[in-house]
Enquirer: 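Below: one structure in C-alpha cells.
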Amino acid sequence: MGKLMNLVTPLHTSTNRNYLERMLDQKVHCMEVASKYGFDYWDGERRYGYGGYKYIPGRWAPVALGLIKSYDLKSGSKVLDLGCGKGYLIFEMLKIEPGLEIVGIDNSEYAIENSKEEIQSAILKRSLLQKLEFDDKHFDLVVSLATLHNFTIFDLENIFNEINRVGKNSYIMVESYRNFQELFNLECWALTCLSFFSNIEWIWLFNKFRYVGDYEFIYFE
C-alpha cells in the first residue's frame, strides 16, 4: 500500500454544507434520482447532487498540479481517470502539461455529453465493473476521485485489482469518517455512497485487496 495524500481535501473543505437540511429533504427520493447520474445529479437542484456542476477556471488546477508534480508526469505520460465525470480534472491537467496522454472513464452519458469539448473524445463510457481494456502497466498513473465508495464491497476487490494491473502508479480519493459526528454527516450528505467505511476500515480493505497505490480520505466535519 502506498502513502496518504492531501490533494483534494483543501478544495473539499472550502464548500459549506447543510447536513440536516439534506437528510430531511425526502432523502430516499433524492438518492434514487441521484443514482441515475443524469441531468438532475449534475445540473439539477442541489438536493439531487451538485446543483450545477459547471466548469470554473482554475478550480481543479491545484489538484491537477499536485498530481503532475507528485507522480513526475511529463509529455508522453499516460493517465487514466476512473469516474472522471465531466472531465474537469483531466482538462486542467492538460492545460498544465499538454503532452499528457489522458483517458477518462465514466458511466454517465450525460456527464460525457456535457464535458469540456476539448477532452470529450478522450472519455469512454464504461462501467468500472467491466474489465479495463488496457494492457498491464499501460498507464503511468491511474486516478479515481470520489467514485469507489459508490460501489459495494463485493465489487471493490476486482476494481482494485484492475487499478493495480493497468497502472504503474495510482491515487484514489474516497469519502470516509473518523468519528460518530463525521459518520452522521456523511450519512446525511451522501446520495450515491454504498460503502460507508471509516478510514481504518478503508486501510484494512486496501491491504485485504492488495491495493498498492496512494490514497486520500475526505471527511464531512
Side-chain angles (χ1 to χ4, degrees), residues 2-15 17 34 37 41-42 49-50 53-56 58-71 73 77-97 100 102-108 111-112 114-116 119 122-129 132 139-151 155-156 159-160 162-164 166-167 169-177 186 189-197 199 202-203 205-206 211-220:
K3 59 184 178 295
L4 177 65
M5 305 289 283
N6 184 41
L7 297 175
V8 180
T9 295
L11 181 61
H12 169 71
T13 55
S14 69
T15 300
R17 300 171 178 86
Y37 297 105
Y41 176 75
W42 295 100
Y50 286 102
Y53 191 56
K54 309 300 182 184
Y55 175 68
I56 301 174
R59 179 172 175 79
W60 282 97
V63 180
L65 182 61
L67 289 169
I68 289 171
K69 287 186 173 181
S70 296
Y71 297 99
L73 302 176
S77 295
K78 297 179 174 65
V79 179
L80 174 65
D81 186 352
L82 301 176
C84 67
K86 291 186 179 181
Y88 296 156
L89 173 63
I90 57 179
F91 178 70
E92 291 292 349
M93 292 180 73
L94 284 170
K95 285 177 63 177
I96 297 169
E97 179 46 78
L100 293 175
I102 291 185
V103 176
I105 287 180
D106 204 274
N107 199 37
S108 170
I112 297 172
N114 290 274
S115 61
K116 294 289 290 181
I119 50 89
I123 302 177
L124 307 175
K125 185 180 184 303
R126 300 285 190 278
S127 167
L128 297 193
L129 299 179
L132 298 173
F139 293 97
D140 296 288
L141 177 65
V142 178
V143 302
S144 183
L145 277 62
T147 296
L148 299 189
H149 50 251
N150 295 326
F151 292 87
D155 299 317
L156 286 173
I159 294 174
F160 282 127
E162 282 297 278
I163 292 174
N164 287 339
V166 303
N169 298 285
S170 55
Y171 158 79
I172 65 168
M173 178 273 283
V174 291
E175 298 172 350
S176 187
Y177 65 91
L186 174 58
W189 191 256
L191 293 168
T192 56
C193 181
L194 296 178
S195 290
F196 291 87
F197 301 137
N199 54 349
W202 274 112
I203 290 172
L205 278 177
F206 296 158
Y211 172 64
V212 298
D214 300 327
Y215 56 94
E216 181 173 357
F217 306 118
I218 57 170
Y219 304 108
F220 295 79

Enquirer: Applying ring-ring contact (aromatic ring centres under 6.0 Å, His included), run through Phe197 and His149 and close with a yes or a no.
Expert: CA-CA 8 Å; Phe197 301 137; His149 50 251; over 10 Å; no
Enquirer: Between Trp42 and Gly85, what is the shortest heavy-atom contact and its length?
Expert: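 Heavy-atom minimum between the residues: CH2-CA, 3.5 Å.
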Enquirer: Start with the C-alpha gap between Lys125 and Asn107, add the side-chain angles, then the distance that decides, and say whether side-chain contact (heavy atoms from CB on, under 4.5 Å) holds.
Expert: CA-CA 5 Å; Lys125 185 180 184 303; Asn107 199 37; 3.6 Å; yes
Enquirer: With side chains defined as the heavy atoms from C-beta onward, is the minimum distance between Ile123 and Ile90 less than 4.5 Å?
Expert: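 SC-SC contact between Ile123 and Ile90 confirmed.
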Enquirer: Using side-chain heavy atoms (C-beta onward) and a distance below 4.5 Å, is Val63 in contact with Tyr88?
Expert: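 Of all side-chain heavy-atom pairs linking Tyr88 with Val63, none is under 4.5 Å.
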Enquirer: Measure the OG-OH distance between Ser144 and Tyr171 for me, rounded to the nearest 0.5 Å.
Expert: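 It is 9.5 Å, given to the nearest 0.5 Å.
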Enquirer: When rounded to the nearest 0.5 angstrom, what is the spacing between CD1 in Ile163 and CG in Leu128?
Expert: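 If I round to the nearest 0.5 Å, the distance is 7.5 Å.
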Enquirer: Are any side-chain N or O atoms of Ser14 and backbone N or O atoms of Leu11, one a donor and one an acceptor, separated by less than 3.5 Å?
Expert: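 Between the backbone of Leu11 and the side chain of Ser14 there is a qualifying donor-acceptor contact (under 3.5 Å).
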Enquirer: Who passes side chain to side chain contact (heavy atoms under 4.5 Å, CB included) against Ser176, sequence neighbours left out?
Expert: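 Ser176 satisfies side chain to side chain contact (heavy atoms under 4.5 Å, CB included) with Asn199, Trp202, Phe217, Tyr219 only.
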Enquirer: Phe151 versus Leu194: any side-chain heavy-atom pair under 4.5 Å?
Expert: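 No. Closest side-chain heavy atoms not under 4.5 Å.
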Enquirer: For the residue pair Val212 and Phe160, establish whether any side-chain heavy-atom pair is separated by less than 4.5 Å.
Expert: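 When only atoms from C-beta onward are counted, Phe160 and Val212 do not touch, as no gap falls below 4.5 Å.
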Enquirer: If you take all heavy atoms of Asp214 and Lys3, which pair is closest and at what distance?
Expert: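 Result for this residue pair: OD1-N, 2.7 Å.
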Enquirer: About how many Å separate OH of Tyr71 and OG of Ser170, when rounded to the nearest 0.5 Å?
Expert: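 One gets 7.0 Å once the value is rounded to the nearest 0.5 Å.
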Enquirer: Any idea which heavy atoms bring Cys193 and Ala190 closest together, and the distance?
Expert: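 The answer is CB-CB, 3.7 Å.
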Enquirer: Quick one: does Leu82's side chain get under 4.5 Å of Val142's, heavy atoms only?
Expert: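 Heavy-atom side-chain distance check passes, below 4.5 Å.
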Enquirer: Going from CZ on Phe139 to CG on Asp81, what distance comes out if it is rounded to the nearest 0.5 angstrom?
Expert: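 If I round to the nearest 0.5 Å, the distance is 10.5 Å.
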Enquirer: Does some side-chain heavy atom of Leu94 sit less than 4.5 Å from a side-chain heavy atom of Ile119?
Expert: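 They are in side-chain contact.
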Enquirer: To the nearest 0.5 angstrom, please state how far the CD1 atom of Ile102 sits from the CZ atom of Phe91.
Expert: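 Spacing of CD1 (Ile102) from CZ (Phe91) equals 11.0 Å.
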Enquirer: With a distance cut-off below 6.0 Å to the six-membered ring centre and an angular limit of 45° from the axis, does Lys86 pair with Tyr53 as a cation-pi contact?
Expert: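 The answer is no; the distance or angle limit is not met.
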Enquirer: What do the steps show when you test Glu216 against Thr9 for side-chain contact (heavy atoms from CB on, under 4.5 Å), and what is the final call?
Expert: CA-CA 8 Å; Glu216 181 173 357; Thr9 295; 2.7 Å; yes
Enquirer: Check whether any side-chain heavy atom of Leu73 sits under 4.5 Å from a side-chain heavy atom of Glu97, and report yes or no.
Expert: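 Heavy-atom side-chain distance check fails, nothing below 4.5 Å.
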Enquirer: Please answer whether the main-chain N or O of Leu132 pairs with a side-chain N or O of Glu162 as donor and acceptor at a distance below 3.5 Å.
Expert: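 Pair found, side chain donor or acceptor close to backbone of Leu132.
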Enquirer: In plain terms, say whether Asp140 and Lys78 are close enough for a salt bridge, that is, a side-chain N and a carboxylate O under 4.0 Å apart.
Expert: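 No salt bridge links Asp140 with Lys78.
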Enquirer: So do the side chains of Trp60 and Leu145 get within less than 4.5 Å of each other, counting heavy atoms only?
Expert: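 Counting from C-beta outward, Trp60 and Leu145 do come under 4.5 Å.
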Enquirer: Any chance you could measure Glu175, atom CD, to Leu148, atom CG, to the nearest 0.5 Å?
Expert: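 Atom-to-atom, Glu175:CD and Leu148:CG are 11.0 Å apart.
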Enquirer: Not counting sequence neighbours, which residues clear side chain to side chain donor-acceptor pair (under 3.5 Å) with Tyr41? List them please.
Expert: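 So Tyr41 forms no side chain to side chain donor-acceptor pair (under 3.5 Å) with any residue.
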Enquirer: Would you say the side-chain atoms of Asp106 and Tyr37 include a donor-acceptor pair closer than 3.5 Å?
Expert: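 No, because no side-chain N or O of Asp106 sits under 3.5 Å from a partner of the opposite role on Tyr37.
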